[in-house]
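Bear in mind the structure is a predicted one, so any value in this text is a computation, not a measurement.
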Amino acid sequence: MPNQKIVVGYDGSPDARKAARWALDEAVRTEAPVELLYAYEWPSYVPAAAMMPAAAVYPDADTDDAVGEMLTSALAAASDSHPGVRVRARVEHGTAAVALTQRGAEAGLIVVGGPRHNPVRALLGSTSASVSAHARCPVVVVRGEPRATDPVVAGVDDAPTSGLVLGFAFEQAAVRGVAVRAVHGWTPPDGRDLLCEANLRAVAAERERLEGVLACWRRRFPWVPVTSEVVVGGPGEVLAEAAAGAQLVVAGARARRALRVALRPSVGRHLLHRARCSIALVHRGRLITPEGR
């Protein structure tokens with residue numbers, strides 16, 4: 001991701017400041033510039049009896065000044081803590097999710113703060129969920145206070161994004177000097193006893209397949225310790241449990257469809273709701289292979 005900017009959703013909150021620190025640390029490793037993006041939308045005022053829409057009411061000068069002061073303070077803090085990083089600020093009038101997705105179209109990474117969601121917010125959606133569903137680059141949702149020695153967890157499945165997931169996970173682990181823990185969640189067919197011979201053979205086959213996939217990545221990153229495991233359970237639940245001891249969990253993101261989300265939440269959405277550590281959701285695009293990009 002060298003020379004591709006990192007876009008950070010920034011509103012001055014503690015979660016946003018944590019996201020900015022994560023992005024600035026990443027910029028030190030990759031030499032990428034950082035853009036702090038503040039977005040706000042002001043509603044139109046429409047009288048109850050009006051037949052025509054009214055013009056939007058934009059923020060007054062005092063509000064603009066307050067936003068400017070907040071961003072100036074953030075830039076000064078970034079300059080003090082990460083003096084070698086190129087940082088700029090930008091203000092957009094619109095929803096945060098739309099602004100981040102648009103600004104991230106040419107970015108290498110989008111970073112947002114992410115407190116654990118309550119059930120109502122998880123159902124209705126959030127900025128992080130919307131951005132991760134529509135962005136064209138990886139999205140990192142920063143949360144928790146991990147130890148520097150905690151591993152990077154990669155969720156591996158049969159999706160086309162598996163190469164991108166592993167590439168992102170190995171790169172993050174390599175620059176941090178930590179291990180990769182590759183996890184594959186496997187659900188047995190309905191009606192079978194978990195310990196029946198057929199299931200045991202299936203789990204053994206999944207382990208062998210996972211090791212085969214990782215072999216190429218071990219050769220590309222020989223200095224990165226790697227462990228792998230096949231865990232019986234739904235992929236989302238398995239990854240959420242694995243995230244408890246990780247500093248970052250990486251999974252593939254899929255485009256959001258309202259009906260599917262209501263009936264069967266994606267792995268990424270499951271992680272956004274339950275994982276306690278930072279989450280990286282990567283998209284199908286430039287798939288990373290062990291041989292290169």
Side-chain angles (χ1 to χ4, degrees), residues 1-39 67-68 70-92 96-97 99-114 127-128 131-132 135-152 154 164-165 167-178 180 221 223-224 246-250 253 277-283 285-286 288 293:
M1 195 182 60
N3 300 322
Q4 286 188 290
K5 69 181 177 182
I6 302 172
V7 176
V8 184
Y10 192 84
D11 61 5
S13 66
D15 291 318
R17 293 197 294 271
K18 185 182 294 186
R21 287 196 300 271
W22 196 100
L24 290 166
D25 289 343
E26 182 71 7
V28 170
R29 293 186 285 262
T30 62
E31 300 182 358
V34 173
E35 179 178 281
L36 303 179
L37 178 65
Y38 181 86
V67 171
M70 178 194 67
L71 292 175
T72 298
S73 177
L75 291 175
S79 179
D80 289 341
S81 63
H82 298 74
V85 177
R86 295 165 288 164
V87 189
R88 58 166 293 181
R90 182 182 180 92
V91 176
E92 292 278 354
L100 283 166
T101 301
Q102 291 177 341
R103 293 299 297 169
E106 301 300 325
L109 190 65
I110 296 174
V111 182
V112 295
T127 296
S128 56
V131 173
S132 64
R136 299 181 184 178
C137 64
V139 177
V140 172
V141 182
V142 178
R143 60 171 59 140
E145 297 291 344
R147 297 173 299 179
T149 55
D150 287 343
V152 173
L164 194 55
V165 167
F168 193 94
F170 269 86
E171 288 174 353
Q172 290 291 317
V175 296
R176 286 169 167 75
V178 300
V180 167
F221 293 89
W223 63 92
V224 175
Q247 63 174 283
L248 178 69
V249 58
V250 187
C277 71
S278 295
I279 305 154
L281 299 174
V282 297
H283 296 254
R286 287 191 312 159
I288 300 176
R293 298 179 184 273

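The main-chain N or O of L75 is never found under 3.5 Å from a side-chain atom of S79 such that the two would form a donor-acceptor pair. Using a distance-only test at 3.5 Å, with no hydrogens or angles considered, a donor-acceptor pair links the side chain of R17 to the main chain of G12. When atom types are taken as modelled, the side chain of Q247 and the backbone of P146 share no donor-acceptor pair closer than 3.5 angstrom. In this structure, Q4 contributes its side chain and L109 its backbone to no donor-acceptor pair below 3.5 Å.
When side chains are defined from C-beta on, D25 counts as touching H82, because their heavy atoms get closer than 4.5 Å. Side-chain atoms of R29 and R176, non-hydrogen and from C-beta on, do get closer than 4.5 Å to each other. A 4.5 Å side-chain heavy-atom check between V178 and V152 finds at least one atom pair inside the cut-off.
Among P138, C137, S132, the one residue that satisfies the side chain to side chain contact (heavy atoms under 4.5 Å, CB included) test with V282 is P138.
The minimum heavy-atom distance linking I6 with V111 is given by the pair CG2-CG2, 3.7 Å. In plain terms, the two heavy atoms of V7 and R103 that are nearest each other are CG2-O, 3.9 Å. Contact record, A23 with V34: O-CG2, 4.1 Å, taken as the closest heavy-atom pair. Among all heavy-atom pairs drawn from V85 and A27, the shortest one is CG1-CB, 3.6 Å. Minimum heavy-atom separation, C277 to R143: O-CG, 3.0 Å. For the residue pair A280 and L248, the shortest heavy atom distance occurs at N-CD1, 3.8 Å.
For the atom pair CD (Q102) and CZ (R136), the distance works out to 10.0 Å, reported to the nearest 0.5 Å. Remark: L37 CG to R88 CZ distance equals 9.5 Å, nearest 0.5 Å. Distance check: L100 CG to E35 CD gives 9.5 Å after rounding to the nearest 0.5 Å.
Between E106 and K5, none of the side-chain N atoms (NZ, or NE/NH1/NH2) sits under 4.0 Å from a carboxylate O, so this pair counts as no salt bridge.
Using modelled atom types and a 3.5 Å distance limit, the side chains of D11 and S13 yield a donor-acceptor pair.
Checked against side-chain contact (heavy atoms from CB on, under 4.5 Å), A76 has no partners two or more places apart in sequence or in another chain.
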